[in-house]
Amino acid sequence: MIFSFIGIWTLLTAKFVLIPQDIFKAPDIVTEQFVSDLPRLMNDLAASMITITLGYVLALITAIPIGLFLGWNAQIGKVGEQIANFLGSIPPIVFIPYTLALLPTFESCSIFVIFITAFFPILSGTMSGVQNINKTTIESARIFGPSKPYMLYSVLLPASLPQIFDGCNMGLLLSFILLTSAEMIGGNSGIGFYIQYYTNFGNFTRIMVGIIFLGTIVTLVTNLVKAIEARFLRWKI
């Protein structure tokens with residue numbers, strides 16, 4: 001697929017010039033620019049990954065325990081589910097003006113927006129996973145009289161992992177989208193800032209470099225998460 005894509009790209013640009021070359025550059029031009037800009041791209045990548053890691057990990061360590069608790073307690077869980085559905089339906093990007101006004105730095109704003117973005121998909125996935133656990137599994141565990149923490153983290157958590165990972169994957173993809181948007185709006189570093197900076201100058205070669213680089217990084221990260229998921233859920237095979 002990669003070679004086919006590059007082949008079609010070359011035919012449309014360098015070979016037959018079927019699309020405007022001032023906007024869509026040929027692969028050799030983009031590759032040369034990518035090699036030239038690689039040190040800066042790596043610096044921007046480091047900035048983006050630090051931000052997304054902090055916000056995403058914060059969402060993980062808060063959303064999963066809350067989701068386990070709400071999913072296990074039916075009455076409280078119904079109220080919590082309605083609140084989560086309401087807040088989760090609001091596009092996180094609308095919080096950016098408020099975070100810029102209230103938080104001291106753009107980096108802290110970005111971390112908070114990533115946290116909000118990832119929190120609700122992970123929370124919903126965790127709650128749904130707990131609520132869909134086979135009742136036989138729960139009743140079998142109760143026979144041994146486990147404590148509530150043991151029940152939550154040693155019984156409910158492992159049984160809910162498939163849907164928790166679904167929520168984690170969704171939260172991760174949305175986090176990359178929101179981070180790029182935030183960097184394009186007000187950032188001074190990151191891959192989104194790289195794309196926006198050269199958009200202002202109409203430098204379509206570097207815009208294409210940024211887009212391809214971003215797509216490659218997101219693909220690698222999501223594949224890494226899928227590999228982790230496959231390892232944790234190898235019992236499903």
T205-Q33 side chain donor-acceptor pair, cut-off 3.5 Å: no
Cluster overlap V94 with L178, hydrophobic side-chain contacts below 4.5 Å: yes
T126 to G67 - nearest heavy-atom pair and separation: CG2-C, 3.6 Å
Linked, directly or transitively: I50 and L172 (ILVMFWY side chains, under 4.5 Å): no
Joint hydrophobic cluster, I111 plus V113, side-chain heavy atoms closer than 4.5 Å: no
F24, CZ atom: more than 12 neighbouring heavy atoms under 6.0 Å: no
Gap separating the CG atom of L214 from the CD1 atom of I211, nearest 0.5 angstrom: 8.5 Å
CZ-CE distance between F120 and M170, expressed to the nearest 0.5 angstrom: 15.5 Å
Derivation and outcome, side chain to side chain contact (heavy atoms under 4.5 Å, CB included), residues M42 and L45: CA-CA 5 Å; M42 296 306 295; L45 173 62; 4.1 Å; yes
Distance, nearest 0.5 Å, that separates CD1 of I83 from CG of L70: 9.0 Å
Any side-chain donor near an acceptor of the partner, Y194 and D37, under 3.5 Å: yes
Pairs touching residues 168-183 that satisfy side chain to side chain donor-acceptor pair (under 3.5 Å), sequence neighbours left out: S48-E183, N169-E229
I29 with M208, same ILVMFWY side-chain cluster at under 4.5 Å: no
R40 NZ/CZ over Y197 ring centroid, <6.0 Å and within 45° of normal: yes
Derivation and outcome, side chain to side chain contact (heavy atoms under 4.5 Å, CB included), residues F119 and L87: CA-CA 10 Å; F119 179 84; L87 294 176; over 6 Å; no
D44 (side chain) donor-acceptor with I191 (main chain) under 3.5 angstrom: no
Worked verdict on N132 versus Q163 for side chain to side chain contact (heavy atoms under 4.5 Å, CB included): CA-CA 9 Å; N132 291 317; Q163 287 177 277; 3.4 Å; yes
I'd like a table of donor-acceptor pairs (distance under 3.5 Å, sequence neighbours excluded) in which one partner is a side-chain atom from residues 53-63, with atom names and distances.
unit_1: T53; atom_1: OG1; unit_2: M49; atom_2: O; d: 2.6
unit_1: Y56; atom_1: OH; unit_2: C168; atom_2: O; d: 2.8
unit_1: T62; atom_1: OG1; unit_2: L58; atom_2: O; d: 2.8
unit_1: T62; atom_1: OG1; unit_2: A59; atom_2: O; d: 3.2

M151 CE: over 12 foreign heavy atoms closer than 6.0 Å: yes
Side chains of V209 and T31 in contact at under 4.5 Å (non-hydrogen atoms): no
Test item: S128 side-chain N/O and S124 main-chain N/O as donor-acceptor pair under 3.5 Å: no
Spacing of CD1 belonging to I133 relative to OG belonging to S160, to within rounding of 0.5 Å: 3.5 Å
Full working for side chain to side chain contact (heavy atoms under 4.5 Å, CB included) between I52 and V221: CA-CA 11 Å; I52 203 168; V221 172; over 6 Å; no
Same apolar cluster (I L V M F W Y, side chains within < 4.5 Å links), I217/L38: yes
Interatomic distance, N200 atom CG to I207 atom CD1 [nearest 0.5 angstrom]: 9.0 Å
Side-chain touch F213/F34, heavy atoms, less than 4.5 angstrom: yes
Pairwise side chain to side chain donor-acceptor pair (under 3.5 Å) hits with a residue in residues 104-116, at least two apart: T105-S108
Side chain proximity check, P162 to L233, heavy atoms < 4.5 angstrom: yes
Separation between CG of L102 and CZ of F112, rounded to the nearest 0.5 Å: 9.0 Å
